[in-house]
Amino acid sequence: LSEFVAFQNEMERMLQDGADFCEHRGYASKVPENAARVAAVLHVFKNDESLEIQKSTIQSSINIARWYANEYRRIISPPPEEIARVLGGKLYNWLTSRVKNCGKNYIARNEVLQYGPVQLRQASNLELAEAFLISNGSVSVFYTQVDGFGRSTKPTRFIRVNFPAFLPSSGFNSGGL
C-alpha cells in the first residue's frame, strides 16, 4: 500500500505547472488508479489465492503504469523544437501582417500579448516563438524608455521584423498547435 501512496504522490507532483505531465493532467491523474487495477489483474493471473497483493506485483504494476504514462506523453506531446517552430511561424505571420498595416517594422511585445494569436498571449509561448525567430534572424528585440511624444517611460520591449530575413524555404508553418 505504501508503494501506491508513494506512486500517487509522485504523479501528483508531475501534474504541477512546469512538471512532466502538466499538459496531460486528465490522463496522468488516472495513472495511479490504473496501476492499482493492473496489480489486481496480475495478482489474479498469478493464481495467488491470498487476498493480499504481493509487494513485487505492486511494483510491477507501477512500473507498467509508469512506462505507459511516459509513452503517452512521448507520443502525444510534440518535441519542444516543433512547438517553437510552429509558434514562431504564427508570430512571424502575425507580425508581418501587423507591421504592413501600421507602417513600421516593430511592435511592442505587450501588444502581441494583448492582441496577438491566442497561443502567443501566454508569455512562455511568446518567449519560445521570439527565441526561434531571433535564432534564424527573422526578428530582433530592442528596448526604449521614450514614448511617441518624447517623454521618458518605463523600459518597453519591442519586436522588430527583419525584412527580408524570412524566406518561404525556411520551413515556417502556422498550422498545428
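All values below come from the heavy atoms of this structure, side chains included, with hydrogens, waters and symmetry mates left out. We count residues from 1, following the sequence as given.
With respect to the salt-bridge test (charged N to carboxylate O, under 4.0 angstrom), the residues Arg13 and Asp20 do not qualify. Electrostatic pairing of Glu130 and Arg157 counts as a salt bridge here, judged by a charged N lying under 4.0 Å from a carboxylate O. Under 4.0 Å is where a charged nitrogen must lie from a carboxylate oxygen, and between Arg73 and Glu23 no such pair does. Taking a cutoff of 4.0 Å between a charged side-chain nitrogen and a carboxylate oxygen, Arg66 and Glu71 do not qualify as a salt bridge.
Of all the heavy atoms in Ile159 and Val112, the pair that sits closest is CD1-CG2, 4.2 Å. What you find for Ala35 and Phe4 is that their closest heavy atoms are C-CE2, 3.7 Å. Of all the heavy atoms in His43 and Ser50, the pair that sits closest is NE2-O, 2.8 Å.
Under a 3.5 Å cut-off, the side chain of Ser61 and the backbone N or O of Val38 do not form any donor-acceptor pair. The closest donor-acceptor contact from the side chain of Asn125 to the backbone of Arg121 lies at 3.5 Å or more, if one exists at all. In terms of modelled atom types and a separation under 3.5 Å, the side chain of Ser29 and the main chain of Arg25 share a donor-acceptor contact. Under a 3.5 Å cut-off, the side chain of Lys90 and the backbone N or O of Val86 do not form any donor-acceptor pair. Within the 3.5 Å criterion, the main-chain N or O of Gly137 finds a donor-acceptor partner in the side chain of Asn162. A donor-acceptor pair is defined here as one N or O able to donate and one able to accept, closer than 3.5 Å; no such pair exists between the side chain of His24 and the backbone of Ala69.
Note on Leu113 and Tyr143: same hydrophobic cluster, where clusters join Ile, Leu, Val, Met, Phe, Trp and Tyr whose side-chain heavy atoms are under 4.5 Å apart, directly or indirectly. Neither Ile53 nor Val5 shares a network with the other; the hydrophobic side chains, linked directly or stepwise wherever heavy atoms of I, L, V, M, F, W or Y lie under 4.5 Å apart, form separate groups for each. There is a path of hydrophobic side-chain contacts, each under 4.5 Å, that joins Met11 to Ile76.
Within the 4.5 Å cutoff, no side-chain heavy atoms of Arg160 are placed close to those of Val139. With contacts defined as side-chain heavy-atom distances shorter than 4.5 Å, the pair Glu3/Lys55 qualifies. Two residues are said to be in side-chain contact when any heavy atoms from C-beta on lie closer than 4.5 Å; Tyr68 and Asn34 fail this criterion. Residues Arg98 and Tyr115 meet the side-chain proximity criterion, which asks for heavy atoms closer than 4.5 Å.
Phe142 and Tyr106 have their aromatic ring centers within a separation under 6.0 angstrom.
Classification of the Tyr27-Tyr72 ring pair by plane angle, with boundaries at 30° and 60°, yields parallel.
Surrounding CD of Gln59 are more than 12 heavy atoms belonging to other residues, nucleotides or ligands, all under 6.0 Å away.
Judged by the 6.0 Å and 45° rule, Arg85 forms no cation-pi pair with Phe132.
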